[in-house]
Amino acid sequence: MTNKIIPFVDLKLQHDLIKTEIQQAVETILQQGDFILGKALGEFESAFAQASGAEYGVGVASGTDAIALGLQACNIGAGDEVILPVNTFVATLIGVLQAGAKPILIDCDPQTALIDLEAAAKAITSRTKAIIPVHLYGQMVSPIQLLDFADTYKVLIFEDAAQAHLAHRDGYQAGCVGTAAAFSFYPSKNLGALGDGGMLLTRDAEIAKKAARLRNYGSSQKYVHIEMGTNSRLDTLQAAILLAKLPHLSQWNRDRLIIAQQYDLELAPLAAVGIHPIQNQSGEGHVYHLYVIKVDDTCPIERQQLQAELTQAGIQTGIHYPIPCHLQPAFTYLGYQKGDFPHAEKLAEQILSLPMYPGLSHSQAREVVAAVSNVLTIQYSK
Ligand SMILES: *Cc1c(COP(=O)(O)O)cnc(C)c1O
């Protein structure tokens, strides 16, 4: 037995692998000195849009801004209602609020943790302008069902693809199902910068142009400001680094999928003791930003204890996310209450994210499963 810690993520592994490429990218930007809206930004915007099957990419300072500015670029704001899942990273909600729209929170499917479109249908009003499907954990919300939803209720689809770079499902790629899509390049995302970053993808030239203005003080021509904007550009330096990392993304996603398939297989016997992976309904198109299990009511121990014992055993885990958006102190003013979203609330108590990153070895994944199994066996024999 080793006593080495298995981390939740290990970014050093991927960066060591491509260190010279990153150093070259940094060196080039130092030489060129075009740090803001430079050449490498345009190149990365095109390359990422093309890789994702979209027409235009607009690099911004973060995934949060990609949502906020992206919605504004789609002309969504004050007086408009925007539907989003309650079990997402809080940035989805913040983006909607920053755009000035009214967020309408929706519960999730307990098996996939993805937004429940039947519940969303019941929340439609005459003011509903858009739905934000969050492709949570790297799995896309069904594009066919989404397009049907958008068509039935005449709303725009704005994807939160912050966890789903190059994910696909039913022949659709993440980022091209709807009118526009937001991506994050936060360091630990499937494609991560060495700092913050984000991008809006769209097939609509006008939306792309407006987003490009909004991120640059509402200006497309120096010192002429035709609308209210902000300063939210993706640094040329980060774009150059992301451009160097992009060719590796497909392989990294495949590595994640293989680890997930191993987890699926080896965790299967633990279903008998209440351990269930969040369901993959999109096959090989799932990019496993996170691998999440549920510790259900039939399990002899609670999630909190399992997590504590895994930590003891040197296995680092995470919880994504422990508090659903409607129960966050900052958002009580929205008027939701405990009990409003039973599936999401239950998941928040039962989910646990296992180590997942490109470079996590077969034997490490096996150790993770063995540790989970071990904790439960000891528990049963008590
Ligand atoms: C990371 C993330 C965001 C926000 O991206 P930042 O770059 O951190 O601002 C938004 N939505 C989801 C689902 C995310 O995981």
Side-chain angles (χ1 to χ4, degrees), residues 8-9 11 44 48 57-72 82-99 101 103 105-106 108 112-115 130-141 157-167 174-175 177-178 180-201 211 214-215 230-235 238-239 241-242 245 253 256 278 286-292 318-326 328 330-331 344 347-348 351 353 356-357:
F8 180 60
V9 284
L11 298 179
F44 177 60
F48 188 69
V58 181
V60 294
S62 68
T64 309
D65 279 358
I67 298 167
L69 301 180
L71 287 171
Q72 282 175 258
V82 174
I83 287 173
L84 71 154
V86 69
N87 60 322
T88 181
F89 182 55
V90 73
T92 318
L93 175 59
I94 290 175
V96 172
L97 290 166
Q98 277 186 345
L105 298 174
I106 299 293
C108 63
T112 61
L114 298 174
I115 188 168
I131 179 167
I132 305 186
V134 177
H135 302 320
L136 197 68
Y137 307 148
Q139 167 159 236
M140 289 179 72
V141 178
I157 300 168
F158 186 101
E159 301 166 71
D160 181 340
Q163 301 187 358
H165 314 69
L166 302 192
V177 180
F183 287 81
S184 164
F185 305 118
Y186 179 81
S188 64
K189 298 286 158 91
N190 290 37
L191 179 62
L194 306 187
D196 277 310
M199 192 174 290
L200 182 78
L201 292 187
L214 291 173
R215 73 168 173 190
T230 187
N231 176 353
S232 176
R233 298 159 304 212
L234 177 60
D235 291 343
Q238 296 298 350
I241 289 161
L242 288 162
K245 291 178 85 171
N253 281 346
R256 289 172 181 273
I278 294 293
H286 193 323
V287 294
Y288 284 99
H289 173 58
L290 295 167
Y291 187 93
V292 179
I319 299 169
H320 301 86
Y321 298 92
I323 307 173
C325 289
H326 69 298
Q328 293 290 352
F331 303 113
L347 278 179
I351 46 178
S353 309
M356 169 56 79
Y357 52 90

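Counting starts at 1 for both ligands and their atoms, following the listed order. Note that the structure is a prediction, hence the values are computed from the model and not measured.
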Distance filter under 4.0 Å to [X] heavy atoms, resulting ligand 1 atoms:
X	value
Thr88	13 (C)
Ala162	2 (C), 3 (C), 10 (C), 11 (N), 12 (C), 14 (C), 15 (O)
Thr92	11 (N)
Gly197	7 (O)

What's the shortest distance from [atom] to any protein heavy atom, and which residue and atom give it?
atom	answer
atom 15 (O) of ligand 1	Gln163 NE2, 2.8 Å
atom 4 (C) of ligand 1	Ala91 CB, 3.5 Å
atom 13 (C) of ligand 1	Asp160 OD2, 3.5 Å

Exercise. Between Tyr321 and Phe89, how do the two ring planes meet: parallel, tilted or perpendicular, split at 30° and 60°?
Worked result: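 Rings of Tyr321 and Phe89: tilted, 30 to 60°.
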For this session: Could you tell me how the ring of Phe185 sits relative to the ring of Phe44: parallel (under 30°), tilted (30 to 60°) or perpendicular (over 60°)?
Result: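 The rings of Phe185 and Phe44 stand perpendicular, inter-plane angle above 60°.
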For ligand 1, note which part of [X] has a heavy atom under 4.0 Å away: side chain, backbone, both or neither.
X	answer
Val134	side chain
Leu136	neither
Thr64	both

Exercise. Which atom names give the shortest non-hydrogen contact between Asp196 and Leu234, and what distance separates them?
Worked result: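 Reported closest heavy-atom pair: O-CD1, 4.3 Å.
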For this session: List the atom of Gly138, the atom of Ala167, and the distance in Å for their closest heavy-atom pair.
Result: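 That would be O-CB, 3.7 Å.
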For this session: Mark the output for Gly95 as yes if a heavy-atom distance to ligand 1 is under 4.0 Å, and as no if none is.
Result: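 For ligand 1, residue contact (heavy atoms, under 4.0 Å) with Gly95 is absent.
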Problem set entry | Within-shell test, Lys189 vs ligand 1, heavy atom, strictly < 4.0 Å |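 Flag set, Lys189 near ligand 1.
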Exercise. Hey, do the aromatic rings of Phe183 and His165 have their centres closer than 6.0 Å?
Worked result: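 Yes, ring centres under 6.0 Å apart.
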Exercise. Which option, Ala66, Gly63, Ala61, owns the non-hydrogen atom nearest atom 6 (P) of ligand 1?
Worked result: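 Looking at heavy atoms only, the winner is Gly63.
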For this session: From the options Ser184, Ser62, Gly198, Pro187, select the one whose nearest heavy atom is closest to atom 5 (O) of ligand 1.
Result: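 Checking each option, the heavy atom nearest atom 5 (O) of ligand 1 is found in Ser184.
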Exercise. Are side-chain heavy atoms of Ile132 and Thr88 found at a separation under 4.5 Å?
Worked result: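 The answer is no; the side chains never approach within 4.5 Å.
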Exercise. If you round to the nearest 0.5 Å, how far is CG of Asn190 from CG of Asn253?
Worked result: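 Reported value, rounded in 0.5 Å steps: 5.0 Å.
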For this session: Take atom OH of Tyr357 as the centre, draw a 6.0 Å sphere, and report whether it contains more than 12 heavy atoms from other residues, nucleotides or ligands.
Result: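 Buried by this count: over 12 neighbours within 6.0 Å.
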For this session: Go through the steps to decide whether Leu71 and Val96 satisfy the test side chain to side chain contact (heavy atoms under 4.5 Å, CB included), and finish with yes or no.
Result: CA-CA 7 Å; Leu71 287 171; Val96 172; 3.9 Å; yes
